[in-house]
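One structure is given here, and the rest of the page talks about it.
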2 protein chains.
Amino acid sequence: MKKVGEPTPKTRLLRAAAALLAESNGEAVSTRQITQAAHVTAPTLYHHFGDKEGLFDAVVAEGFSEYLDAERNLPTSGQPVEDLRMHWDNHVQFGLDHPHLYLVMFGNIRPERRPSMVASAEAFLEEVLARAAAAARLVVTPHEAARSILAANIGVTLMLIAEPAAKRNLELSAMTREAVISAVATDSEADPTTDTEGTPSVVVAAIALNAALQSSHPDQLSGSELKLFLEWLQRISSRSGS
Amino acid sequence: MKKVGEPTPKTRLLRAAAALLAESNGEAVSTRQITQAAHVTAPTLYHHFGDKEGLFDAVVAEGFSEYLDAERNLPTSGQPVEDLRMHWDNHVQFGLDHPHLYLVMFGNIRPERRPSMVASAEAFLEEVLARAAAAARLVVTPHEAARSILAANIGVTLMLIAEPAAKRNLELSAMTREAVISAVATDSEADPTTDTEGTPSVVVAAIALNAALQSSHPDQLSGSELKLFLEWLQRISSRSGS
DNA sequence: GTAGCACCTATAGCGGTGTTATATGAATTG
DNA sequence: CAATTCATATAACACCGCTATAGGTGCTAC
């Protein structure tokens, strides 16, 4: 009853699952729907994927590798900060192109059950940021920068997905992107909190904090604590070489 | 069979659902579990809430009104931008206090099925921002600012919820908060590191110094000194103290 | 050829899920 | 006291994820 030359049941299952997931607007997709669409019975699914979740993980993994491939194939402009913008936009675009996949990938955050690929997205972003750091464009560590940017990126994408496509305003993305990037990197070298070597200057930051503390005393520290804190700050500020 | 004076079945259902939702770590909660815990049979649930989703909506609505009440009862510092920081922190804290509820409220974004309360959270934020606008502290419209801030706020909170409580680094929140706020509002009319109102700039400077210290440890401070110093720095950065 | 042997798939069914048609009890009202 | 309305319970339906079991299929070995 079956034609030869057709794709194997395993790939048929994958495609059917992906298709149904994309169609059904966020509603649950049953294994019976999937197996029926793939012209396959239940045990086949469990033989190949072990689990319903296993199947969905496979679908997500496919979509995610597509995403990562797109990320890696983005042309590098030679300007790390500009690259950062490109990757942000690519992330948002991927979310809008595959909203349901995206929700499974980044929205469905169960602690301890979170797809490890999110971590690798973070790692990838960190790579890009490491290049920015090497180019003396970073004010904080690549790791922190990556987390902050990714968090904002996901938040913006989720919000854009949530609202009807017609009403989507991509300026939200651009605006937030600039906000978080400019807090983390600098387009040029003029920023006073960055020394010539690219690493955040402890001395400059300490001096800035010291100055700020002159005009306002934080209530998180007691008087004696503050006294010692300022003394240490002074010691750090007066350091000679880096 | 039943004691009198006990809460009505309706509230028992609500409490049982909330409790089970909070306990079961992101796993699905069945109507049978709920009705059994509430000492009630299925039709009672459907009589009062029409739907499983109706019940969960009611639970979420309760949690959300709790959240909004907390928001409204936050003391206003008179400094709109400072209020903004407070509301951001309150949002994050609520997410960390009620992670599962939060995921249902903000994470489980099905287009067209998104709880209307998210919209009212946005509206509330917009109010706060309108006050900032009135104080001439805003560089974009309150609406745009609210969306951008809320998106980043949700993204950060989701990311913090996703990672194990022990490893949570609240600096991610502070850092992103400052990024998105400073892109949208201005603390005063001049250099952000030397304003006349005090605390905010201290926070920024403290965060910068903290970041700088991550990559290079000064030799002017001993190990134990540095440890205490960083702890204080953290305290200043997170401005959680009274 | 055919015996053995993995591999893959199907039949049929289990326990659990959300939900509801129907019926019963309790309270309120005439 | 009768009638009506609300709140709850009994029992069942259709569906769900999943699996014990068995039967094909193609391969290698003799």
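Order of the sequence lines sets the chain letters (A, B, ...), proteins ahead of strands, with each chain counted from 1.
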Is the phosphate of dA7(D) approached by His47(B) (side-chain N or O, under 4.0 Å from OP1 or OP2)?
yes

Straight-line distance of Leu55(A) CG to Ile34(A) CD1, nearest 0.5 Å
5.5 Å

Return the value, rounded to whole Å, for the distance between atom CG of Leu55(B) and atom P of dT17(C).
15 Å

note: Phe56(A), atom CZ; dC16(D), atom P; distance rounded to Å ~ 12 Å

Thr176(A) and Trp88(A): side chain donor to acceptor below 3.5 Å
no

At under 4.0 Å, does any side-chain N or O of His48(B) touch on OP1 or OP2 of dT8(D)?
yes

Step through the shown structure and confirm whether more than 12 heavy atoms of other residues, nucleotides or ligands are within 6.0 Å of CD on Gln36(A).
no

Any donor-acceptor pair under 3.5 Å from His100(B) side chain to Ala22(B) backbone
yes

For the ring pair Phe94(A) and His87(A), is the centre-to-centre distance below 6.0 Å?
no

Atom pair distance, as rounded to whole Å: NE2 in His39(B) and P in dA9(D)
11 Å

Could you tell me whether Arg147(B) and Glu126(B) make a salt bridge, using a distance below 4.0 angstrom between a side-chain N and a carboxylate O?
no

Under 4.0 Å, heavy atom to any atom of DNA chain D: which of residues 28-36 of chain A qualify?
Val29(A), Ser30(A), Thr31(A), Arg32(A)

For the residue pair Thr41(A) / Thr35(A), report whether a side-chain donor-acceptor contact shorter than 3.5 Å exists.
no

How bent is the helix from dG1(C)-dC30(D) to dG30(C)-dC1(D), measuring the angle between the end axes built from five pairs each, rounded to 10°?
10°

Rounded to the nearest angstrom, tell me the gap between atom CD in Glu27(A) and atom C1' in dC16(D).
15 Å

Between Tyr46(B) and dT20(C), is there a contact of a side-chain N or O with OP1 or OP2 at under 4.0 Å?
no

For Asp97(B) and Gln93(B), test the side chains for any donor-to-acceptor distance below 3.5 angstrom and give the result as yes or no.
yes

With respect to the side chain of Ala42(B), which nucleotide from dT19(C), dA9(D), dA10(C) is positioned closest?
dT19(C)

Taking 4.0 Å as the cut-off, does a side-chain nitrogen or oxygen of Thr44(A) come that near to OP1 or OP2 on dA10(C)?
yes

Are Phe124(A) and His91(A) close enough that their ring centers fall under 6.0 Å?
no

Rounded to whole Å, the NZ-C1' distance (Lys52(B) to dC16(D)) equals 12 Å

Calculate the interatomic distance between Leu45(B) atom CG and dA9(D) atom C1'; express it in whole Å.
14 Å

Where the side chain of Pro43(B) is defined as all heavy atoms beyond and including C-beta, which of dA9(D), dT9(C), dC18(D) is the nearest nucleotide?
dA9(D)

